[in-house]
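One structure is given below, encoded as structure tokens.
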There are 2 protein chains.
Amino acid sequence: MARIEETPWLDPGQQRAWRGYRRLRLLVDTRVARDLAVDSGLSDPDYDVLSELSEASGHRRRLGELAERMLWSQSRMSHHVKRMQQRGLVRREECARDGRGAEIVLTGEGLRVIEEAAPHHVASVRRNLIDLLTAEQIAMLEQIADTVVERVEPRP
Amino acid sequence: MARIEETPWLDPGQQRAWRGYRRLRLLVDTRVARDLAVDSGLSDPDYDVLSELSEASGHRRRLGELAERMLWSQSRMSHHVKRMQQRGLVRREECARDGRGAEIVLTGEGLRVIEEAAPHHVASVRRNLIDLLTAEQIAMLEQIADTVVERVEPRP
DNA sequence: ACGATCTACATGACACATCAACTACTCCCT
DNA sequence: AGGGAGTAGTTGATGTGTCATGTAGATCGT
């Protein structure tokens, strides 16, 4: 990486892109999260965990695997699962193959909640992002995201 | 707004765009925030507040004005300013024209910190987003953000 | 001028996220 | 088998964000 003194400032277009991105993120995420809370009593992370579990075989996954797929820290997942467990959305089971392990399982209630929530959430995502953009913009958004996700590397 | 039952599911391209956006956001924001914390001891919101104040005339703004410009709730700003004040980055002054008002003023220390932090932060933004994209992608990102910010409306 | 109402801000309670320990189990090497 | 290193997960402290509510000063109608 170049030395700090050599890093050029953002040019006006880059500046606008960065500020635009941050504003987009603030607006869209705040609104989607608020819709989700009002419509379904879920937080955004709640929804993501339920969604991930509902797509897993047996509606269950190891805690660490869940965390890795979602790019969460294990600690975050552990804390979050504890709260979701207290609300009856998931439960923990001991892992037969690994005494240290925890399997997180979607409960019937959890399944009911995510199925109820999904259509509202889709509508919210449309209202707050997807339906505001043209098909070309959607395609570009995907392409930009893919580019970044592919190229970002851990810091030394 | 259409009834929920009528809202179509996201098509595959929209699905990928939405998931891509979420992953982009998670990756970029986590990294930029982490860099900022390591390099300068600031959180992302800290940086934004300092930056906004440093651009204000007299390095000061009313709390509510600050919140409005940054699309934050007043409550959030009030809490955040309290924490920043405890670290000596800003201070509160009573407002002469309005007995209820609070003026938030950048301290000398706050100015020093943001000036020290800025080049590192720019480098981080480049490393984690801007320099990963082509000029066309940057322009599209700006355009997408502008479109969304313009069109998003409050919910009834 | 006085009460109703509105506005600016603060606060408390709670959910969320991160980092730094810590515990308990597994794996591997000899 | 035994001991060290690595791995899976938990926990506690702290900072961050949201909502509901509280308080005091401004404003406006009469």
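The structure displayed is predicted, hence computed values, not measured ones. In the text below, chain A, chain B and the rest are named by the order of the sequence lines, each starting its count at 1.
In this structure, Ser43(A) does not reach the dA15(C) phosphate: none of its side-chain N or O atoms is under 4.0 Å from OP1 or OP2. Proximity of Arg83(A) to the phosphate of dA15(C): no side-chain N or O atom is located under 4.0 Å from OP1 or OP2. The side chain of Arg76(B) contributes an N or O atom lying less than 4.0 Å from OP1 or OP2 of dG17(D). Put simply, Arg100(B) has no side-chain N or O that comes within less than 4.0 Å of OP1 or OP2 on dA10(C). Distances shown here put a side-chain N or O of Lys82(B) below 4.0 Å from the OP1 or OP2 atom of dT11(C).
At a cut-off of 3.5 angstrom, the base of dC19(D) holds no donor-acceptor pair with the side chain of Ser73(B).
We find that CD of Gln86(B) is positioned 12 Å from C1' of dT14(D), with the value rounded to whole Å. Put simply, CD on Glu103(A) is 14 Å from P on dA8(D), counting in whole angstrom units. Distance CG (Leu36(A)) to P (dC16(C)): 11 Å, rounded to an integer number of Å. Look at CG on Asp98(B): it is 11 Å from C1' on dA24(D), rounded to the nearest Å. At whole-Å resolution of the value, OH in Tyr47(A) and P in dC16(C) are 16 Å apart. Whole-Å rounding puts the Asp44(B) CG to dC16(C) P distance at 20 Å. Atom CZ of Arg97(B) and atom P of dC9(C) are 13 Å apart (whole Å). Note: CG (Leu71(B)) to C1' (dG17(D)) measures 15 Å, nearest angstrom.
Proximity of Thr7(A) to Pro119(B): side-chain heavy atoms (C-beta onward) are nowhere separated by under 4.5 Å.
In this structure, of dC16(C), dT26(C), dT11(D), it is dC16(C) that holds the atom nearest to the side chain of Pro45(A). Considering only side-chain atoms of Asp46(B), the nucleotide from dA8(D), dT10(D), dT16(D) that sits closest is dT16(D). Here the side chain of Ser75(A) is nearest to one of dG12(C), dT11(D), dA8(D), namely dT11(D).
Residue Asp29(A) is classed as having no contact, given no heavy-atom separation below 4.0 Å to the nucleic acid.
A stacked arrangement is assigned to His79(B) and the six-membered base ring of dT11(C), with a centre-to-centre distance below 5.5 Å and an interplanar angle below 30°.
Connection of Val148(A) to Leu10(A) is established within a shared hydrophobic cluster, with ILVMFWY side chains joined at heavy-atom distances below 4.5 Å, either directly or through further cluster members.
A salt bridge (charged side-chain N to carboxylate O under 4.0 Å, His left out) with Glu52(A) is found for one member of Arg60(A), Arg69(A), Arg62(A) and no other, namely Arg69(A).
Toward the 5' end of DNA chain D, the nearer of the two residues Gln74(A) and Ala96(B), judged by each one's closest nucleotide, is Gln74(A).
Other residues, nucleotides and ligands contribute over 12 non-hydrogen atoms within 6.0 Å of the CD atom of Glu109(B).
In terms of heavy-atom proximity, Leu36(B) sits nearest to Asp44(B) at CD2-CA, 3.8 Å.
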